[in-house]
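A short worksheet on the structure shown next.
All ligand and atom numbering here is 1-based and tracks the order in the structure. All values derive from a computational prediction rather than experimental measurement.
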Amino acid sequence: MLTRQQTHRPAALVSVPANRPPAGDFAADMLAALAARPRCLSPKYFYDEKGSALFDQICQLPEYYPTRAELALLAAHAAEIAGQIGPDAEIVEFGAGSLRKIRLLLDALDHPVRYVPLDISGAHLAASAKALQRGYPGLSVLPVVADYTAALPLPQKAGGAARRVGFFPGSTIGNLSPAEALAFLKQAGRALRGGALLLGVDLVKDPSVLHAAYNDAQGVTAAFNLNLLGRANRELDADFDVSGFVHSAFYNAPLQRVEMHLMSRRAQRLRVCGQSFAFAEGETLHTENSYKFTMGGLRELAVKAGFEPGPAWTDPQGQFCLHWLQAPA
Ligand code: AVI
């Protein structure tokens, strides 16, 4: 469905037709998840307004190192990365959250022509884009509300843009299954033809570091996970007893991923959209996978999708990596 984003914005921040994810998807996907075994729901439903705000808090947590590690890499290598991007580029950011990272790039770039942030959370994106526009009044900012894992409803490349460069930070690609990640990269390769993708990925590391990052002491990650049930209660005529579930997150080493689940504390019944479901004690709804990568594994995936890997920037502890991937010509 093509809709027009309704926001009040300054002149350069134009409204765009966007592929807004149909509201009905959450209901259908939640019902399908509850009917299936094992029960699994896409992590994209975390990001309602409250979930997006909780995720911003996660990024500030002492245990959640990826955001800090990636910001430090961008700050340290901005000039080199800007050299790869070149002058007069159009930057497309996938999953643009609070837009902190892009500022580091924009500050280093030689006359960026346009910035196109894509995100599933319309209200959050509009607010972030507006704030960014204030800091860069001369830059054309074109926010697009889209589930970029399903389709890339990108506008035509900006007139005067030398090349289109994608920016996919935060290791959000790790929230896709390997098959979905490959499909996304193939699609991105087509959209960025002749340009490149700057991709940030979290690296395989000591499981205790990963465990702490997804089980923070303040319980913000738990609140983020449990908000999914609150969201269902708010939006889906559901009656989840949120206190009847507990956040569970652990590293699955053979699959190189952190798994998040919501585990039922007791045997219980609940209703969603008029349908009744039972949870046994200890039964879970699997809410997220966060895949971790090796340098070689990521390069292999990129090559499979048609990209040509270029330079990669990583920190001395090997926590996080930014990959420069040349898109097909
Ligand atoms: C957005 N994404 C990359 C985060 C991650 O680490 O997988 C989401 C998250 N889940 C729990 N904490 C953060």
Side-chain angles (χ1 to χ4, degrees), residues 40-71 73-74 93-102 117-121 124-125 128 146-149 167-178 180-181 184-185 198-231 245-252 255-263 284-293 298 301 319-323:
C40 252
L41 186 67
S42 166
K44 69 184 176 189
Y45 295 115
F46 282 139
Y47 300 95
D48 66 346
E49 224 173 315
K50 185 168 176 200
S52 297
L54 283 165
F55 180 64
D56 282 350
Q57 281 184 44
I58 288 175
C59 294
Q60 317 269 356
L61 291 169
E63 298 95 333
Y64 195 74
Y65 61 86
T67 311
R68 270 187 306 281
E70 190 175 40
L71 283 168
L73 283 175
L74 285 167
E93 182 170 357
F94 304 108
S98 59
L99 310 183
R100 265 177 80 202
K101 293 167 189 167
I102 194 62
L118 277 84
D119 201 272
I120 193 169
S121 175
H124 199 63
L125 177 67
S128 306
D147 177 1
Y148 54 85
T149 61
F167 180 41
F168 196 17
S171 204
T172 303
I173 194 167
N175 295 136
L176 305 178
S177 70
E180 288 167 340
F184 168 79
L185 286 175
L198 181 65
L199 177 65
V201 295
D202 197 9
L203 297 174
V204 169
K205 59 181 59 64
D206 183 341
S208 68
V209 176
L210 292 169
H211 186 87
Y214 292 82
N215 290 279
D216 65 277
Q218 293 171 54
V220 182
T221 311
F224 173 71
N225 198 5
L226 286 159
N227 176 56
L228 198 62
L229 304 183
R231 180 179 184 185
F245 287 82
V246 64
H247 165 71
S248 161
F250 55 88
Y251 185 55
N252 180 334
L255 295 180
Q256 281 184 203
R257 69 189 193 195
V258 172
E259 294 186 14
M260 292 212 316
H261 295 252
L262 289 164
M263 185 188 286
T284 76
L285 173 63
H286 187 164
T287 50
E288 185 182 68
N289 289 317
S290 190
Y291 283 86
K292 307 304 166 190
F293 299 87
L298 192 282
L301 178 67
Q319 296 202 97
F320 203 89
C321 187
L322 281 169
H323 288 264

Looking at [X], which atoms of ligand 1 are within less than 4.0 Å of one of its heavy atoms?
X      : result
Phe224 : 10 (N)
Gly170 : 3 (C)
Tyr47  : 1 (C), 8 (C)

Practice task
Could you label the plane-to-plane angle of the Phe168 and Tyr148 rings as parallel, tilted or perpendicular, counting under 30° as parallel and over 60° as perpendicular?
Solution key: perpendicular
Heavy-atom nearest neighbour in the protein, as seen from [atom], with distance rounded to 0.1 Å:
atom                    : value
atom 7 (O) of ligand 1  : Ser290 OG, 2.7 Å
atom 2 (N) of ligand 1  : Asn175 OD1, 2.8 Å
atom 12 (N) of ligand 1 : Tyr214 CE2, 3.6 Å
atom 10 (N) of ligand 1 : Glu288 OE1, 2.7 Å

Exercise for the section: Please determine if Tyr64 has a nitrogen or oxygen closer than 3.5 Å to a nitrogen or oxygen of ligand 1. Expected result: yes
Handout entry: Within-cut-off N or O pair, Ser171 and ligand 1, under 3.5 Å
Key = no
Exercise for the section: Kindly say whether Tyr45 contributes a backbone atom to a donor-acceptor pair with the side chain of Arg231 at under 3.5 angstrom? Expected result: yes
Do [X] and [Y] pair up side chain to side chain, a donor and an acceptor below 3.5 Å, judged on atom types alone?
X      : Y      : value
Asp202 : Tyr65  : yes
Asn175 : Asn289 : no
His261 : Thr284 : yes

Practice task
Please step through side chain to side chain contact (heavy atoms under 4.5 Å, CB included) for the pair Phe55 and Phe46, ending with a clear verdict.
Solution key: CA-CA 9 Å; Phe55 180 64; Phe46 282 139; over 6 Å; no
Problem - Which segment of Tyr291 sits under 4.0 Å of ligand 1 when only heavy atoms are counted - result: neither
Exercise for the section: Identify the two heavy atoms, one from Gly200 and one from Leu322, that lie closest to each other, and give their separation to 0.1 Å. Expected result: CA-CD2, 3.9 Å
